[in-house]
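Written out below as structure tokens is the structure these notes cover.
Predicted model only: the values in this text are computed from it and were never measured.
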Amino acid sequence: QVQLAESGGGSAQAGESLRLTCTTSGLTSDLSCAGWFRQEPGRAREGVAALLAADGTTMYPDSVKGRFPISRDLSNNNLYLQELSLKFEDTAMYYCASGGRPDLVRGVWKCHHDDAEYANWGQGTQVTVSS
């Protein structure tokens, strides 16, 4: 099973940026998905970015589109989430995940932002944004 560990969380002022790192025991280049999720206390886990392992295509929900680019470095098995222009409502525990199952949608492979579709999880890193 793939081991995942997040780092890079902390406190930030609104408008600032943070970069989260997910150190993994191995990133694949197969037909699977890796992604980042966040969760506030008492709320469901929400997907914020996903990446198709086969070709690096990225996908984002409308709620954070353009602000949270996801990337990877296969040479060191790291997955990254750049958090740009942070808002108070971005305060949450952030998790990375891998082993997601993509779907073929009109001939294009798409990754889900549904946490139920992912097999491997890290322990999370807290991001706290003050206004």
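- At distances below 3.5 Å, at least one donor-acceptor pair connects side-chain atoms of Thr24 with backbone N or O atoms of Asn77.
- The environment of Gln13 atom CD is dense: over 12 non-hydrogen atoms of other residues, nucleotides or ligands sit within 6.0 angstrom.
- Ser25 and Val2 make their closest contact through OG-CA, 3.4 Å (heavy atoms, listed as atom of the first residue, atom of the second, distance).
- To the nearest 0.5 Å, atom SG of residue Cys33 and atom CZ of residue Arg101 are 9.0 Å apart.
- The two residues Ser17 and Ser85 have their closest heavy-atom pair at OG-N, 3.8 Å.
- Here the OG1 atom belonging to Thr23 is positioned 7.5 Å from the CG atom belonging to Asn76, to the nearest 0.5 angstrom.
- At a threshold of 4.5 Å between non-hydrogen side-chain atoms, the residues Leu51 and Arg72 count as touching.
- Note that CG of Leu18 and CG of Asp90 are 10.0 Å apart. Values are rounded to the nearest 0.5 Å.
- In this structure, the side chain of Glu6 engages the main chain of Gly124 through a donor-acceptor pair within 3.5 Å.
- Between Trp36 and Tyr80, the ring center distance fails the sub-6.0 Å criterion.
- The pair Asp103-Lys110 does not meet the salt-bridge criterion, since no charged nitrogen lies less than 4.0 angstrom from a carboxylate oxygen.
- The closest side-chain heavy-atom distance from Arg45 to Met93 is not below 4.5 Å.
- Gln126 is listed as a side-chain neighbour of Thr91, based on a closest heavy-atom distance under 4.5 Å.
- Cluster membership for Val127 and Tyr95, using ILVMFWY side-chain heavy atoms within less than 4.5 angstrom, is not shared.
- The side-chain heavy atoms of Lys87 and Arg67, taken from C-beta on, include a pair separated by under 4.5 Å.
- The two residues Ile70 and Ala34 have their closest heavy-atom pair at CD1-O, 4.1 Å.
- Considering every non-hydrogen atom in both Pro102 and Leu52, the closest pair reads CB-CD1, 4.0 Å.
- A single hydrophobic cluster is seen to contain both Leu20 and Val48, as judged by linkage of ILVMFWY side chains at heavy-atom distances under 4.5 Å, directly or through other members.
- Between the CG atom of Leu84 and the CD atom of Glu16 there is a distance of 12.5 Å, given to the nearest 0.5 Å.
- Atom SG of Cys96 is separated from atom OH of Tyr118 by 11.5 Å, given to the nearest 0.5 angstrom.
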One pair to check against side-chain contact (heavy atoms from CB on, under 4.5 Å): Thr125 and Ser7. What are the steps and the verdict? CA-CA 6 Å; Thr125 185; Ser7 62; 5.7 Å; no
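- Using a 4.5 Å heavy-atom threshold, the side chains of Asp55 and Trp109 count as separate.
- Here the options are Glu46, Glu89, Glu83, the test is salt bridge (Lys or Arg N to Asp or Glu O under 4.0 Å), and the partner is Arg38; only Glu46 passes.
- If you check the side chains of Ser98 and Asn120, you find a donor sitting under 3.5 Å from an acceptor.
- Of all the heavy atoms in Ala49 and Leu81, the pair that sits closest is CB-CD1, 3.8 Å.
- Clustering ILVMFWY residues whenever any of their side-chain heavy atoms sit less than 4.5 angstrom apart, transitively, puts Phe37 in a cluster other than the one holding Tyr60.
- When all heavy atoms of Ser131 and Ala14 are compared, the pair lying nearest together is CA-CB, 4.1 Å.
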